[in-house]
Every structure is written in structure tokens, then in C-alpha cells.
Amino acid sequence: MEKVFLYWDNIAEESRDPFLGFQNNDPTQGYKKDFEGYLIYRSTEPEFNDIKLITDSKGSTKYWKPLVQFDLKDSIMGPDPIGINGAHFWRGSETGLRYSYVDTDVNNGVKYYYACVSYDQGDPKFGTAGLQPSECTKIITEDFAGNIQFVDINCAVVVPNAPAAGYVPPNIVGDTKSVTSGRGSGSLQMTILDPAAVQNGAAYQVEFTSNNTYPIYKTLSYKIIKTLNGVNDTLKTIDSSYFGKERASPPFDGMALSVLNDTTVAINDSLTGWLIRNNNLTVLPSKDATPVRGIAWPADYEITFSDTPQDTCFIQSPPIYTKFPVNFKVWNKTEQKYSKIAVKDNDGSATLSIGDQIQILEFQGSVAQTNVRFAWNLSYDVPFDPNATLQYPANGDKYFITTTKPFKTGDKFLFSTQGVGLDNNLAKNQLGKVDVVPNPYLGAATWERRNLNSTGRGDRKIDFINLPGECTVRIYTITGQLIKTLQKSSTFQDGSLSWNLVTDDGMDAAYGVYIYHVDAPNVGEHIGKFALIK
């Protein structure tokens, strides 16, 4: 696997500190909220001593160095002005908040100690000396045998490993790249954080809410609704401040999602152009710059040409605008209606001719000339190639305009989930990947626990990896003597099995070459070898 997924909730953001008085000095708003951000720590020691690296001017360690930091965008940033003997707590870099992080700088088999702690703003103006920012606890206790005794709510102990052979990962079924219904052109980015928590057969709906100032509207929030066994449950309601690729939602059912919302209405060049073309005119869409009346309309259009008149220009305002028939119609695909059109008749010919401009019209209010809005303009010009013979649009030619659009009230995505599984046939095909690490074992391995005793070298350990969930591993000398039998019975998450290099007789295994045999019921068998070198 060689990666660790970390995720957390947002409960800390609601913390209040009575010591600092009332929010905005208003007793009706309750005590002040002083949350500022999150710190992610990673250590190879339960006490986190190896990352307590930030010293003061006297050389004494004062602060821990985080793996990553996420803070509010609120102008509180940089070193706090109080400090301790020259050491200052770093308050963040205005990154914005996140609720998940993927640590890819890890090695399988190594035990890592993580902490996700929240920290407050501090108050440099409090009292005569001010208050420094403070962070939540990170407490992990472990006995001399390496057994975890306590892990507080802000911490986790993780040993990354490849999953068991035959592992079938959870799957998201449905289209998260385009809305199931609605007009928004954005997408969802799904991340599975905890495969074991993904529920089989659960259906999800992500539904958006916007303000109602159409066509110039703004996406406000979205909610996540789960349906399982006929029961609907609104899991989260999340505002637009959490939109963006790096702004995942708070975790739910082992997943998190990022909303990629197109906040501006613009031409999508890759999806705009001729669908059917028998002409060589230059036809390019553009936004109208007319104040008030020029509005980039959040809709997609299909323009179909014919050999006979199909519509009549709507605006009568000579000499630029007059009403005359045209050989095309404009269908508003998003709103499922035909749109009115106008032609900016630049040559005054009262016909659609080269150099004119086609204008797609929409209306704010009733369909009247006073309510006209210029949605999109289309050039009607000569071919790019000056030597080409002019070919006008023919019957059946179709031109598409596709736009980017924010999510609007009622826009929704629908998807479902399939939980993890184990496939014995797949496991059988993967038996050839069973291996021993490190191989050869050269006196030590990076994942071996530190020695807490005053003498001795501490534990020794090798790992069998990519094993099926249920199996027996037998270890033989090169002469065929059975020296150790190991049993594995685990979930899909762990395809490894450790051996402390102690035989069934209680003796340390001698250095040399060994044969191992893996027997997995309903899967198959595998034989390999490894070496222990002094």
C-alpha cells in the first residue's frame, strides 16, 4: 500500500473559550470561538520526541514540527507575536481547512504514530503579555513489549501493509463527472478514506442549493443524503466555502468528496463547435459586452440550419436591427425551449450575410424587446483560409454551444457504493506475489521496534506479504526440518504475517537459507525461500 489515509471531523471548530469573553463582545452569541487550524504530526515514537525539533534561543526544544498544517483563511497567519525565548508558534499560511490527508512517504511494515490536533488563535492583546496559541493533546502510551496501552481521540497508530490476496476494493457506482439531473457543469471528486467503512448497497444523493437570482446566481451549499434499506438520512449539509479540489468534505461512511464547481459562466471551447458541417464559414461564439443587457447565459444551445426560413429576427431597431427571416433555429437545450434571435446587420442588407453577427436572445421578465438580454454572440464570417471557395451552411448543419454553469438549486448527483470483498479465484492468481521482506534479512529491519532495555538488541522480525486472509505458513530448514508454523486469520486489510525469528522450540533461528510453504484453504499453495544473514 505504502500510503496512509488520515481523516477527521470538524467538531473542534465549534470549541469556545470562556476565558476570552463573548463572541464579538456580544453575550447573546455565546463565548468566543477561538479555533484556528489543524496540525498533523507523524512520529516513529509514541511520545513524538523525534519530531520535537523547534528550539528557542537557549537551544531548548519548544514545539513539534508538523507533517502538514491547515488553517482558516482569516488573516491570522505566520508566527505568533508572543513566543517563548525567541521560539514562535507558527499559526499557518492561510491554506484553508481540510479534513483528510494522504501520507505517501511511508514504508510498509513500519509502525507510525499520528496525531491530528486542533489549535486556537491565541490572543496577543490579552492582559499585559498576551496569550500564545495552544493545541490539543496527543497522548499515546506503549509498554516495553510494544503493546499499545492508550491512544487518545486525536491520535492513531498505523502499520501500513498491502491488503490480503484476493482483495476487491470498494467501488463507487455512478457518474460523478456530470450531474444526474440539473444544469451545473462541475463534477465531484470522490476519495475512499477507509475501505472497511464503505457500505455495500448504500445509495447517495448530493443535492445543491443556490440563491434565486437567475441567471446570475451563486451556489450556496450542498447536502449528502444516504438511502440504505429504504431509510433516508441526511448525513451532511456543507456550505460553499468547502468547494474546491483541495477542500474535501468532512468524512462520511469512509469517504469524502470534493465539489469542483464552475463558478463562472463561459464558453466550453472543447464542447463547442460544429456537430454536422457542410460549410466552411468562421463561426465563433463570444460573450456580449453590452452593459446590463449583455449577460452570459448559463445554458447550452443547438443551432440547426435549413434551406428554408426557420425563424424571424426579434428586434426591430433600424438601421442595425430589423426583422427579417433567417434559415436557422436556436434550441436552448438546458431550459428545453427555443430561443429568440437577432442579427446585427452590419451591411444593412436586411439578410444574414458575411460580416453580420448572430445574437442569441433571452429575457428577464416577459418576452418583450425591453427585457431582451444578449446571451451569446456568433460571428458569421469568411473561412479562415482566404483561398477557399465560400460554402454556406446547408440543410441539417448543426452548431453546438456548451457553457460552464454553477450548480443550481435542485442539481444533483446520484451514486451508490459496493463494499470490499475477497475473491478466492483472484487470490489464487495472486499467490505468485507472496514474498518475504526483507529478503535477505541482513541482521535487522527498519520496522523493528526500538530497544527500551539497557542491554540487548531488541526484537527481530520478518514479514510474509501478499498472503490470503486465511492461511498457514510453515517454515523449513534447507534439509526439510519444520521449525515454525504460523497461522494467519485476518481481514482484507492486512496481507502480512510477521515472524520474530524464533522457532517452535523457543530458539533463535540460525542464519542460513529457509523454505516456506503457504497453504490457503479454497485458494491454493505457494512455496518460496528466504535467507537470514548475520
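Predicted model, so just to flag it, every value in this text is computed and none were measured.
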Over all heavy atoms of both residues, which pair between Y222 and S249 is shortest? Give the atoms and the distance, please. OH-CB, 3.3 Å
Could you label the plane-to-plane angle of the [X] and [Y] rings as parallel, tilted or perpendicular, counting under 30° as parallel and over 60° as perpendicular?
X	Y	result
Y321	F374	parallel
Y31	F22	parallel
Y204	F415	parallel
Y114	Y112	tilted
F243	F208	perpendicular

Step through the shown structure and confirm whether more than 12 heavy atoms of other residues, nucleotides or ligands are within 6.0 Å of [atom1] on [X].
X	atom1	result
L426	CG	yes
K65	NZ	no
I54	CD1	yes
N25	CG	no
N232	CG	yes
K287	NZ	no

Do [Y] and [X] meet the salt-bridge criterion of a basic N to acidic O distance under 4.0 Å?
X	Y	answer
K33	E14	yes
R42	D103	yes
E362	R293	no

Indicate yes or no for a side-chain donor-acceptor contact from T219 to the backbone of P406 under 3.5 Å, with no hydrogens or angles considered. no
List for me each residue that meets side chain to side chain donor-acceptor pair (under 3.5 Å) alongside T312, sequence neighbours excluded, and say none if there are none. none
Applying side chain to side chain donor-acceptor pair (under 3.5 Å) to D345 and not counting sequence neighbours gives none
Partners meeting salt bridge (charged side-chain N to carboxylate O under 4.0 Å, His left out) with K226 (sequence neighbours left out): D253
Go through the structure and list residues passing salt bridge (charged side-chain N to carboxylate O under 4.0 Å, His left out) with R373, not counting sequence neighbours. none
Heavy-atom side-chain proximity of N154 to W8 below 4.5 angstrom: no
Is any side-chain heavy atom of T282 less than 4.5 Å from a side-chain heavy atom of Y380? no
The ring-ring contact (aromatic ring centres under 6.0 Å, His included) partners of F413 (sequence neighbours excluded) come to F407
List in chain and number order the residues that pass ring-ring contact (aromatic ring centres under 6.0 Å, His included) with F89, two or more places apart in sequence or in another chain; answer none if no residue qualifies. Y63, Y119
With respect to V326, which candidate in I358, D311, D356 satisfies the side-chain contact (heavy atoms from CB on, under 4.5 Å) definition? D311
Do you know which of Y7, Y38, Y242 makes side-chain hydrogen bond (donor to acceptor under 3.5 Å, both in side chains) with Y99? Y242
Does the structure place the NZ or CZ of K340 under 6.0 Å from the centre of the six-membered ring of F363, at an angle of no more than 45° from the ring's axis? no
Has K138 got its NZ or CZ under 6.0 Å from the middle of the six-membered ring of Y41, at an angle within 45 degrees of the ring axis? yes
Check step by step if side chain to side chain donor-acceptor pair (under 3.5 Å) holds for T404 and N268. CA-CA 6 Å; T404 58; N268 185 333; over 6 Å; no
